[in-house]
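Here the structure comes first, spelled out in structure tokens, and everything after it is commentary.
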Amino acid sequence: MKAMVLNSFGPNAPFELAEMPDPVATYGHVVVKVAATSVNTVDTMIRSLGGDLPLSPQLPAVLGMDFAGTVVAIGDGVTGFAIGDEVYGCAGGLMDLPGSLAEYINADARLIARKPKTLRMREAAALPLVGITAYEGLTRAGVGEGQNVLVQGGAGGVGHIAIQIARHLGAKVSATGRGADQMALIEELGARPVDFTKQKVEDYVAEHAEGVGFDAVFDSVGGPNMTNSFEAARLNGHVASTVAMVEIDLTPAHFKGLSLHVVFMLIPMMHDVGRQTHGDVLRILAVLADSGALKPIVDDHKFGWSDADAAYAHLTNGSAVGKVVLELR
């Protein structure tokens with residue numbers, strides 16, 4: 001099979017087209033012919049940092065976590081899938097799991113689900129990592145009917161999905177961003193837009209959270225921004241963060257009695273713990289997508305086999321609008 005391979009790590013390490021053996025469906029796995037794969041921030045981090053990240057694969061490496069495609073072979077022990085099924089998932093591209101930037105991927109059947117019928121392959125490939133991350137953070141924070149929720153980074157890959165899921169769960173949603181385009185997108189998704197460059201936390205808490213704070217804050221920005229999330233949350237509220245690799249003073253969280261949920265959705269893949277949870281969430285997301293409650297935003301730029309370097313550059317230089325997807329068929 002064809003695959004785009006990294007033979008070195010670094011910010012500008014080139015992807016090289018290579019021929020590799022076709023994968024064989026092992027126990028509990030299915031082989032999927034990949035139609036599309038998306039680029040996530042963690043993919044760019046692996047390419048850039050290599051061995052400095054404990055989740056990076058060995059060289060030569062096939063990256064790509066998300067994918068959508070068609071089942072072409074089924075291993076022993078697999079039930080619920082048939083050859084010809086259109087599926088999607090997040091199942092490789094780290095540690096010893098070969099990625100989806102290839103013609104085929106041997107995917108753990110617990111990490112995939114049938115593709116939403118209403119989404120094209122390129123749209124479905126954009127959804128797994130960000131969708132599972134958003135769903136995990138919101139449900140761990142107990143988001144539900146009538147709650148007042150803030151999404152930090154509402155125009156981002158995870159954030160724009162979190163807005164839609166939170167609204168489906170019955171919450172009233174506000175979301176931060178900056179600039180006219182992001183404000184318009186946030187409003188289009190059904191949330192109240194907050195331009196963090198023009199409003200202080202105390203101002204949008206007063207305007208959108210009755211001055212008492214939000215029941216839950218989903219922080220897809222993280223890092224130093226977590227202090228803003230602590231400030232925006234109500235007493236005994238919840239903060240879910242997807243970027244918690246930071247030294248920070250937890251005193252504000254203590255005096256508010258906040259619950260902090262750190263979301264690292266790759267744990268089931270890395271440690272083979274609770275993998276079926278990912279398949280279960282993907283089935284829920286497919287129902288939401290087919291009901292019209294959830295739609296991933298995909299960048300308009302078209303990328304194919306020869307464009308892996310350009311696709312990664314497009315994401316890292318900040319010019320992408322929505323998820324960056326490569327179509328491999």
Working for side-chain contact (heavy atoms from CB on, under 4.5 Å), residues Thr70 and Met121: CA-CA 10 Å; Thr70 305; Met121 288 289 189; 3.9 Å; yes

Heavy atoms of Asp66 and Pro128 approach each other most closely as OD1-CB, 3.3 Å

Ser48 side chain to Met45 main-chain N or O, any donor-acceptor pair under 3.5 Å? no

Would Leu294 and Leu127 count as a side-chain contact (heavy atoms from CB on, under 4.5 Å) here? Give the steps. CA-CA 10 Å; Leu294 178 63; Leu127 186 55; 4.2 Å; yes

Less than 4.5 Å apart, side chain to side chain, heavy atoms only: is that true for Leu129 and Leu266? yes

Distance col, row Cys90:SG vs Asp108:CG, nearest 0.5 angstrom, shows 12.0 Å

Please report the closest heavy-atom contact between Gly137 and Phe218, naming both atoms and the distance. CA-CE1, 3.7 Å

Look at the side-chain heavy atoms of Ile, Leu, Val, Met, Phe, Trp and Tyr, link any pair under 4.5 Å apart, and say whether Leu17 and Val39 land in one connected group. yes

Is the closest side-chain heavy-atom distance between Arg192 and Lys172 below 4.5 Å? yes

Please name the pair of heavy atoms, one in Ala209 and one in Asn148, separated by the smallest distance, quoted to 0.1 Å. CA-ND2, 3.4 Å

Co-membership, hydrophobic cluster, residues Met270 and Val42, 4.5 Å side-chain: yes

Over 60° means perpendicular and under 30° means parallel, so tell me whether His314 and His301 are parallel, tilted or perpendicular. tilted

Considering residues, nucleotides and ligands other than Asp300, do more than 12 of their heavy atoms fall under 6.0 Å from its CG? no

First locate atom CD of Glu187, then atom CD1 of Ile163, and finally report the distance between them rounded to the nearest 0.5 Å. 11.0 Å

Other than Val325, what residues sit in its cluster of Ile, Leu, Val, Met, Phe, Trp and Tyr side chains whose heavy atoms are under 4.5 Å apart, directly or through others? Val298

Close side-chain approach of Leu119 and Tyr88, heavy atoms under 4.5 Å: no

For the residue pair Ala25 and Gly75, what are the closest heavy atoms and their distance? CB-N, 3.5 Å

Taking CG in Asp76 as the centre, count heavy atoms belonging to other residues, nucleotides or ligands within less than 6.0 Å. Is the count above 12? no

Between Arg140 (side chain) and Val262 (backbone), is there a donor-acceptor pair under 3.5 Å? yes

CG of Leu189 to CD of Gln164: how many Å apart, nearest 0.5 Å? 5.0 Å

Would you tabulate the side-chain donor-acceptor contacts of residues 2-11 under 3.5 Å, counting partners in other chains and residues two or more places apart, or write 'none'?
| from | atom 1 | to | atom 2 | distance (Å) |
| --- | --- | --- | --- | --- |
| Asn7 | ND2 | Glu16 | OE2 | 3.1 |

Do Gln147 side-chain atoms and Gly144 backbone N/O form a donor-acceptor pair below 3.5 Å? yes

Contact between Ile165 and Leu285 at the side-chain level, heavy atoms closer than 4.5 Å - yes or no? yes

Same apolar cluster: Ile284 and Val287, side chain cutoff 4.5 Å: no

Rounded distance [0.5 Å steps], NZ in Lys295 versus CD1 in Ile161: 10.5 Å

Pro57 versus Leu63: any side-chain heavy-atom pair under 4.5 Å? yes

Any sub-3.5 Å donor-acceptor pair from His160's side-chain atoms to Gly157's backbone N or O? yes

Salt-bridge criterion met for Asp290 and Lys117 (N-O under 4.0 Å): no

What is the minimum heavy-atom distance between Leu101 and Thr37, and which atoms define it? CD1-CG2, 3.8 Å

Working to the nearest 0.5 Å, report the span between NE2 of His278 and CZ of Arg283. 12.5 Å

Within the distance-only criterion (no hydrogens, no angle test), does the side chain of Glu136 pair as donor or acceptor with the backbone N or O of Ile132 below 3.5 angstrom? no

Transitively linked via ILVMFWY side-chain contacts under 4.5 Å: Val263 with Val130? no

Quick check: does any side chain N or O of Ser100 sit under 3.5 Å from a backbone N or O of Gly64, one acting as donor and the other as acceptor? yes

Quick one: does any side-chain atom of Asp215 pair with a main-chain N or O of Val143 as donor and acceptor, under 3.5 Å? no

Over 12 foreign heavy atoms within 6.0 Å of CD, Glu210: no

Count the heavy atoms of every other residue, nucleotide or ligand shown that sit under 6.0 Å from CD of Gln58, and state whether that count exceeds 12. no

Do Leu55 and Phe264 touch side chain to side chain, with heavy atoms closer than 4.5 Å? yes

May I have the step-by-step check of side-chain contact (heavy atoms from CB on, under 4.5 Å) for Val149 and Phe214, ending in yes or no? CA-CA 6 Å; Val149 172; Phe214 295 89; 5.8 Å; no

Distance check, rounded to the nearest 0.5 Å: Arg110 atom CZ versus Thr277 atom OG1? 10.0 Å

Minimum heavy-atom distance between Leu150 and Ala232, given as atom pair plus value: CD2-CB, 3.8 Å

Is there a side-chain contact between Arg122 and Lys302 (heavy atoms, below 4.5 Å)? yes

Quick one: are Asn228 and Phe196 in side-chain contact, heavy atoms under 4.5 Å? no

Applying side-chain contact (heavy atoms from CB on, under 4.5 Å), run through Val243 and Asp219 and close with a yes or a no. CA-CA 8 Å; Val243 189; Asp219 189 348; over 6 Å; no

Near Asp272 CG, under 6.0 Å, is it more than 12 heavy atoms from other residues, nucleotides or ligands? yes

Indicate, with yes or no, if Val217 and Tyr135 share a hydrophobic cluster defined by side-chain heavy-atom contacts under 4.5 Å among Ile, Leu, Val, Met, Phe, Trp and Tyr. no

Is the backbone N or O of Val324 less than 3.5 Å from a side-chain atom of Asp299, with the two atoms forming a donor-acceptor pair by type? no

Is a side-chain donor or acceptor of Lys256 paired with a backbone partner of Phe230 at a separation under 3.5 angstrom? yes

Would a distance-only check, ignoring hydrogens and angles, find a side-chain to backbone donor-acceptor pair under 3.5 Å from Arg167 to Gly190? yes

